[in-house]
Amino acid sequence: MVHLARHMQEKYGIPYIHVSYFGIQDMSRALYDVAEFFADNEVLERTQSLVRQEIQRVMPEINRYRQDLQGKKAGIYTGGAFKAFSLVDSLRLLGIQTAFVGSQTGGPEDYQRLEAFCDEGTIIVDDANIMELVRFAQETRIDLFIGGVKERPVAYKLGIGFCDHNHERKISLAGFEGMLNFSREVHATIMSPVWKLIDSRNRQAGRN
Amino acid sequence: MVHLARHMQEKYGIPYIHVSYFGIQDMSRALYDVAEFFADNEVLERTQSLVRQEIQRVMPEINRYRQDLQGKKAGIYTGGAFKAFSLVDSLRLLGIQTAFVGSQTGGPEDYQRLEAFCDEGTIIVDDANIMELVRFAQETRIDLFIGGVKERPVAYKLGIGFCDHNHERKISLAGFEGMLNFSREVHATIMSPVWKLIDSRNRQAGRN
Amino acid sequence: MNPQSTIAVSTRNPCRMCTPLGAAMVFSGIADAVPFLHGSQGCSTYIRRYLIGHFREPVDIACSNFGESSVIFGGWQNLHTGIHAVIEQYHPRLIGIATTCLAETIGEDIPQMIHRLEQELPEDGPILVSVSTPSYQGSHSDGFHRAVKAVVEKLAQPGPAGRHINVFSGMICPEDIRHLKDIFAEFGLQATLLPDYSDALDSGIWNRYEKNIESGTPIESIRRCGQAQATIEFSATGDFSTSAGETLLRRFGTPLYMLPLPVGVRQCDTFFERLSVLSATEIPARFTAQRSRLIDSYVDAHKYVFGKKAVLYGPADWVAALAIFLCEIGMVPVLCAAGDHKGTLQEHLREHLPGTMDSITVVEDTDFASIEQMAAGLKPDILIGDSNGYKMSRNLNIPLVRLGLPIHDRIGASRMTAIGYQGTQQLFDRIVNTILEHQQDNCSIGYTHL
Amino acid sequence: MNPQSTIAVSTRNPCRMCTPLGAAMVFSGIADAVPFLHGSQGCSTYIRRYLIGHFREPVDIACSNFGESSVIFGGWQNLHTGIHAVIEQYHPRLIGIATTCLAETIGEDIPQMIHRLEQELPEDGPILVSVSTPSYQGSHSDGFHRAVKAVVEKLAQPGPAGRHINVFSGMICPEDIRHLKDIFAEFGLQATLLPDYSDALDSGIWNRYEKNIESGTPIESIRRCGQAQATIEFSATGDFSTSAGETLLRRFGTPLYMLPLPVGVRQCDTFFERLSVLSATEIPARFTAQRSRLIDSYVDAHKYVFGKKAVLYGPADWVAALAIFLCEIGMVPVLCAAGDHKGTLQEHLREHLPGTMDSITVVEDTDFASIEQMAAGLKPDILIGDSNGYKMSRNLNIPLVRLGLPIHDRIGASRMTAIGYQGTQQLFDRIVNTILEHQQDNCSIGYTHL
């Protein structure tokens, strides 16, 4: 996509800005970036008002979820590194700490930025296979794994909540409404009581 | 009902006629009886035209069923004897012979009339219990039993098709349309291939 | 003060069946026994008609056929004639006599009548068991439990202690009874299930007309109930007044384990662990594998059910077991409506579901008019109960998972299982898929992958 | 002459999955074996994704990950690297290599490559089995059968005759596999089911992360296939080109019984009677009781299904078995649509359903666009097939009974049984109740009793 935008700028002089629509922080930033690009006070004011309204709308529900989720831990593994930032940020809003984060195609620069962005102690993972991811997941005792659809059954088999972020999703994650969807799904998968049935007999370590 | 009508005639002078709406013969007769009561030529003509139309409408389908059903045998056991006449008649229209017929509450006069009305060889049954009915059904090797809802599972257990005639029915049997419904249901239950699965292994006698 | 609270409201569409219906089911599930209603013929016709509609099997219920004179002069003559007719027709070894509202209202002295009958019957004549089941007192479920207790009180004998186990399952479907028998067999335990109508009310096709009274719990086995190693009784509500296990505990000291219906992983665990102790063996691999796959399926579907709201109705024992099962999978049983009255449902749920009772309304002794009114406000995602809830399901456009009795608008009521890991699996799949189907069909874009 | 008949019409929404998907399922169901796709990574991703969506289980499929250079210079290097990586990671005893369209199109000489690999692998290295499965030639079902044949051709050894039976069931769900194993055990027959993914693709919850390749048909058992008493292969279409049983018959003289899938009473009877002969024992009472109750349920529901029209789609073997089952219960399979091409479906049905073919349309090698168009004209009461028919079901407002693969919009695909009297019972109940539900919900007055 960036490739295309750059090409259109070079060839046709159409400017572009680089935004993320995922998470409240990023979504607000994206709207402000667009507003600032036009350097029109009225647009800026309307943007501020919209962002304020939307945040007031979604935060009460998100705060309720945070009460349940505070202190939970997650692992993230994405295709590109870009998405990882938004996910770490959105989880943070829900009170969830990212225990490890990585991507398939990230470069050294991405990982440096990720390391700076994350809390201390977060493990940065580069192009791991499923067995390595499982090891991280078990060692850090995460409550939630965020990955692609094909990692889902592995997370489930190990008794870990899961949320997928890829193109096959039916329920959108973008925008303010998307953040609500994301929060609901993360809350549902972490708070589901079914995991207790696995703990009680099958889980080795003393995780509860 | 007759009691009520007679009472209304006596007390208020409202005349009544006694009809059956079950079966094409009875339904047509009922319409003519009403028309004749009014002794109005126009009413009579319209009645004739209606009956003709309806018979033309329903007979092709009924004739198709008769091709499958010709020569099949049925047993009838009703609450009152009145309904039995209509049923014998309707089965006759479908090519089905009544092997035995009876009722719970019929009187000697009813049975005499029934005997005259039925084909030779038809057994007339008076207030039989279920075991006697089963004996008749097995001896006469009927393909269809017409009785109340509570006889249904017994007929089914013995591998005999069944049609109920009582007040709990959801699909009407009255009028020309009712005769179609009746024909469809009788055709479905007799022609269902499921009975063959019982014959092949479980039925004692050489019925096929 | 709400002035309305003092006004008696009539029951509108009761959420239960008549009391003697349950008793008739019990007597149907005893070998060589015939159910007999003391009352007017309409009662036996109604009960036969419902049992036939549900089980789709021949059902024989004898009746003393009260007429006007019986109501005035008492039903002794009718009972006498009826019992003799049944003996002549069926040659039963036991006749189970359940009373109707009418017989109870005119104050029939059944124990005395039974005594008179017993005196005139020959030595090898049938055992007569009676149970008081007016429908203004309890539900079909109560009638069921009371009949089991009455049978045990009449028949159980002292004797040398055996290794066998008494199992009073309450009202479960024939396939669940067969599964229970398989479970005990796999544990190497000899079990007396009372009643056992798994054949009488769910037989295959017949070779010839049968009187259909041979199958069921053998009378000899019931006699030995007092000599059992232990009794397992499924009851969430701890009602001793209708507990046959309590009779055996009191009279013979037979240890009684009152367990919830084994629905869901935890309630099944309680049951299977008890069997493991009683049999002094490990839980067989077949069941641990079923358990493991069941939990695996819980996990696979956990997002589809999390927070989904259910309205449950039926007998209190079932409502209790289902509510606990639903909470185990992350659903919220927003309305737990028992058609019968135990008075303990709220307390039982509070004990087993601490911290979640705020979101759960519990009512007992309720009717469908009330349930529908409450359900409309609660906006549930699913209803779970018998077919009598279809009208509500249709009015509210909320899908119904059929469970219980009567189920007369689907086939296979005898196979709608819920017991054990295996039965739970089937119930769980039905619940999840009903929710998914409703979502999918009502979704404007029509999900194809979920 | 219809000028249109000469115009090639492109396939719109194929009624089948890719050929190597079936092969991957087979290799998943062999103990210590790893499925390996020779082709580009997208193919293995697509297949994993569909198998995961259907089974909701981890699925491992290795791949030679073709790039542009592989297409130009051939895939040997990728295959070589991939196989060694798989050996290092999984330590498998067998690697099942299925080709993709791309590998076949560029003309990869797989047998020669396998030969080269075998020469360089150590003595105790894995067995390499390859199967040609371009998706422009056959369906997932063909890929499945071909892989079974390829495995048997590679592994079966001559030796002293045993009493065991080979069972090549074709593509059935894990619960059906477990049921088949129970059936053979109950007959006292030792059976080699190939494949057996009843655990690999339907396991319980795990204690620890597993490579998930241990379970399945043991390689030793496959080696002894040539020494079996007989082979039972479920195939209605008698396709010898994909028959593993034919290989064993030809090479070792192992008697081959090609039976229809045991769905419905008669097709089950054929199967159970064969087992009775092979085991020289009576059919166990458990199954005769299931049979009797199944027929009893047919009778109970016969009026609900008589004359009801069904559209069937899926692999030809399944369509054939289902059509014969439906006719047995009085339904009319107005459209029998096979996504694959055997060329024998029409003939097979004509032979087994004499006199009813006038009302049955048979098509092979068809797609959903064609099926929907035909179905719209036939006005069926029900559709039976995989979840890909949901769109059609929604467009035509005709309910869909899900059976086959993929089923991704319901849970429990692994438990949607159809095999044996027991599986048929479940399928029959689903069909009848789906018809009843649709009638009830679409009836203006809303039946409550049926």
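Below, chain A is the first sequence line, B the second, and so on; all start at residue 1. This is a predicted model, so every value here is computed, not measured.
- Annotation: A:Met8, atom CE; neighbour count of heavy atoms from other residues, nucleotides and ligands within 6.0 Å does not exceed 12.
- The number of heavy-atom neighbours closer than 6.0 Å to CZ of A:Phe117, taken from other residues, nucleotides and ligands shown, is above 12.
- A pairwise comparison of heavy atoms in C:Lys303 and A:Tyr156 identifies CE-OH, 3.6 Å as the closest pair.
- For C:Val265, the part lying under 4.5 angstrom from a heavy atom of chain A is the side chain only.
- Scanning both residues, C:Ile329 and A:Val194, for their nearest heavy atoms gives CA-CG1, 4.0 Å.
- The local environment of CD in A:Glu36 is crowded, with over 12 non-hydrogen atoms from other residues, nucleotides or ligands closer than 6.0 Å.
- Surrounding CD of A:Glu54 are more than 12 heavy atoms belonging to other residues, nucleotides or ligands, all under 6.0 Å away.
- The side-chain heavy atoms of C:Arg266 and A:Leu197, taken from C-beta on, include a pair separated by under 4.5 Å.
- Atom CD of A:Glu61 sits in a crowded spot, with more than 12 heavy atoms from other residues, nucleotides or ligands closer than 6.0 Å.
- Among all heavy-atom pairs drawn from A:Pro193 and C:Cys327, the shortest one is CG-O, 3.3 Å.
- With rounding to the nearest 0.5 angstrom, the CE atom of C:Met331 is 12.0 Å from the OG atom of A:Ser192.
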